[in-house]
Amino acid sequence: MTRSVSTYQEFDNKDLFALVAAGDEAAFRQLFNKFLPEIGSAIKSVVHSDTATKDIIQEVFIQIWISRDKLTAVELPRNWLFQVAYFLSYKWLRSQKNQEKLQSGLQSTAHTDNSNAVWEQLDFNGTTRLIREAVVLLPEKARKIYNLSRDQHLKISEIAATLGISEQTVKNSLTRSLASIREHLLAHG
């Protein structure tokens, strides 16, 4: 069923999370557009850097998409989004502090003008393409498990039964696959 953008605006945050968890790309775009201004302001108030703010926003929404299967368990979506944003902001601050220590007080040059290109690549279609590329790079069995989980929306127990393997093997494979996809996304901006 195709929904119009105005239809998504009628959904509350929990419903949007449920749609994103089901892989609804339009709902993800709506979620992004709805929370970008607030989350961007919150992150900037912590890191005081436009470049870092853009990078952290990207990381927040990449994590949402990669971990979307867990979104249905989130009771307070707005609060959860801000927790993720603040966690990543403070993580960035810690990394900056450590970097400054290593450089003995020299100004950090960790972020370059390339971050503007990264911001432009936040485009959802580009991210989706990168995720598909990363999935293709997975080993065959891991790719099959991932696709059963994401494309056919099977539960871990159903995947295990379908493939005749243990649930723990399915969990481990999904964990490794998500980590691999995340690394691919980070490596490609």
Side-chain angles (χ1 to χ4, degrees), residues 1-36 39 56-88 91 121-189:
M1 176 180 165
T2 304
R3 295 179 175 98
S4 68
V5 173
S6 63
T7 302
Y8 287 103
Q9 292 171 347
E10 296 169 8
F11 288 111
D12 67 15
N13 297 338
K14 197 155 174 69
D15 291 335
L16 271 178
F17 263 41
L19 290 168
V20 172
D24 188 324
E25 295 175 7
F28 180 78
R29 278 191 290 275
Q30 179 64 29
L31 187 73
F32 174 81
N33 291 330
K34 181 176 185 178
F35 284 100
L36 177 62
I39 286 180
I56 295 166
I57 289 169
Q58 180 182 19
E59 183 66 20
V60 167
F61 285 97
I62 286 172
Q63 284 193 13
I64 291 169
W65 185 252
I66 289 175
S67 304
R68 66 187 178 273
D69 58 322
K70 297 177 179 90
L71 295 179
T72 54
V74 175
E75 289 299 318
L76 301 168
R78 184 180 181 282
N79 293 357
W80 183 83
L81 282 168
F82 278 89
Q83 284 177 340
V84 171
Y86 282 121
F87 172 79
L88 293 172
K91 181 179 171 185
Q121 290 179 0
L122 185 58
D123 174 72
F124 180 75
N125 293 330
T127 303
T128 302
R129 180 185 50 78
L130 288 172
I131 291 171
R132 285 189 198 121
E133 285 176 9
V135 170
V136 169
L137 296 173
L138 294 173
E140 184 179 347
K141 187 174 183 179
R143 186 172 52 245
K144 185 169 190 161
I145 291 169
Y146 179 86
N147 286 333
L148 287 171
S149 171
R150 294 307 188 270
D151 296 341
Q152 296 183 21
H153 309 290
L154 295 182
K155 295 178 182 173
I156 289 174
S157 59
E158 294 170 326
I159 296 169
T162 300
L163 299 178
I165 57 178
S166 73
E167 289 183 23
Q168 190 60 47
T169 301
V170 173
K171 288 179 189 176
N172 292 343
S173 178
L174 287 172
T175 300
R176 284 191 304 273
S177 295
L178 290 173
S180 176
I181 291 167
R182 183 174 187 274
E183 287 174 19
H184 184 80
L185 287 170
L186 293 173
H188 291 86

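Owing to the predicted nature of the structure, the values given are computational and were not obtained by experimental measurement.
Atoms OG1 and CD1, from T169 and I156 in turn, are 11.0 Å apart once rounded to the nearest 0.5 Å. The distance from the CG atom of L88 to the CD1 atom of I57 is 11.5 Å, given to the nearest 0.5 Å. From D15, atom CG reaches atom CG of L31 across 12.0 Å, with rounding to the nearest 0.5 Å. Atoms CD1 and OH, on I39 and Y86 in that order, are 9.5 Å from each other to the nearest 0.5 Å. To the nearest 0.5 Å, atoms CG (L138) and OG (S180) are separated by 5.0 Å. Between the NZ atom in K34 and the CG atom in N13 there is a gap of 3.5 Å [rounded to 0.5 Å].
Every pair passing salt bridge (Lys or Arg N to Asp or Glu O under 4.0 Å) that includes a residue from residues 63-79 is listed here, sequence neighbours excluded: K14-E75, E38-R78, D69-R150. Every pair tested for salt bridge (Lys or Arg N to Asp or Glu O under 4.0 Å) that includes a residue from residues 157-171 fails, sequence neighbours excluded, so the list is empty.
Minimum interatomic distance between I159 and I145 (heavy atoms only, all atoms of both residues): CD1-O, 3.9 Å. A pairwise comparison of heavy atoms in L174 and Y146 identifies CD2-CA, 3.8 Å as the closest pair. Shown here for S177 and A142, the closest heavy-atom pair between the two residues is OG-CB, 3.7 Å. The two residues A27 and L19 have their closest heavy-atom pair at CB-CB, 3.5 Å. Heavy atoms only, all atoms of each residue included: W65 and G23 are closest at CH2-O, 3.7 Å. Nearest heavy-atom pair, V136 versus R143, reported as atom, atom and distance to 0.1 Å: O-NH1, 2.9 Å.
In terms of the side-chain contact (heavy atoms from CB on, under 4.5 Å) criterion, T175 has no residue partners (sequence neighbours excluded). With sequence neighbours left out, the side chain to side chain donor-acceptor pair (under 3.5 Å) criterion links R176 to no other residue. Contacts of N33 classified as side-chain contact (heavy atoms from CB on, under 4.5 Å), with partners at least two apart in sequence or in another chain: none. Residues passing the side-chain contact (heavy atoms from CB on, under 4.5 Å) test with E183, sequence neighbours excluded: none. Every side chain to side chain donor-acceptor pair (under 3.5 Å) that E133 has, sequence neighbours left out, goes to R129, H184. Scanning for side chain to side chain donor-acceptor pair (under 3.5 Å) contacts around N79 gives an empty result, with sequence neighbours left out. Scored by the side chain to side chain donor-acceptor pair (under 3.5 Å) test, T162 finds no partners at all (sequence neighbours excluded). The side-chain contact (heavy atoms from CB on, under 4.5 Å) check on A21 picks up L71, T72, with sequence neighbours excluded.
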Walk me through it: do L148 and L163 pass the test side chain to side chain contact (heavy atoms under 4.5 Å, CB included)?
-> CA-CA 10 Å; L148 287 171; L163 299 178; 4.0 Å; yes
From CA spacing to verdict: side chain to side chain contact (heavy atoms under 4.5 Å, CB included), F32, I64 | CA-CA 10 Å; F32 174 81; I64 291 169; over 6 Å; no
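Few gaps surround CD on Q152; more than 12 heavy atoms of other groups in view lie less than 6.0 Å from it.
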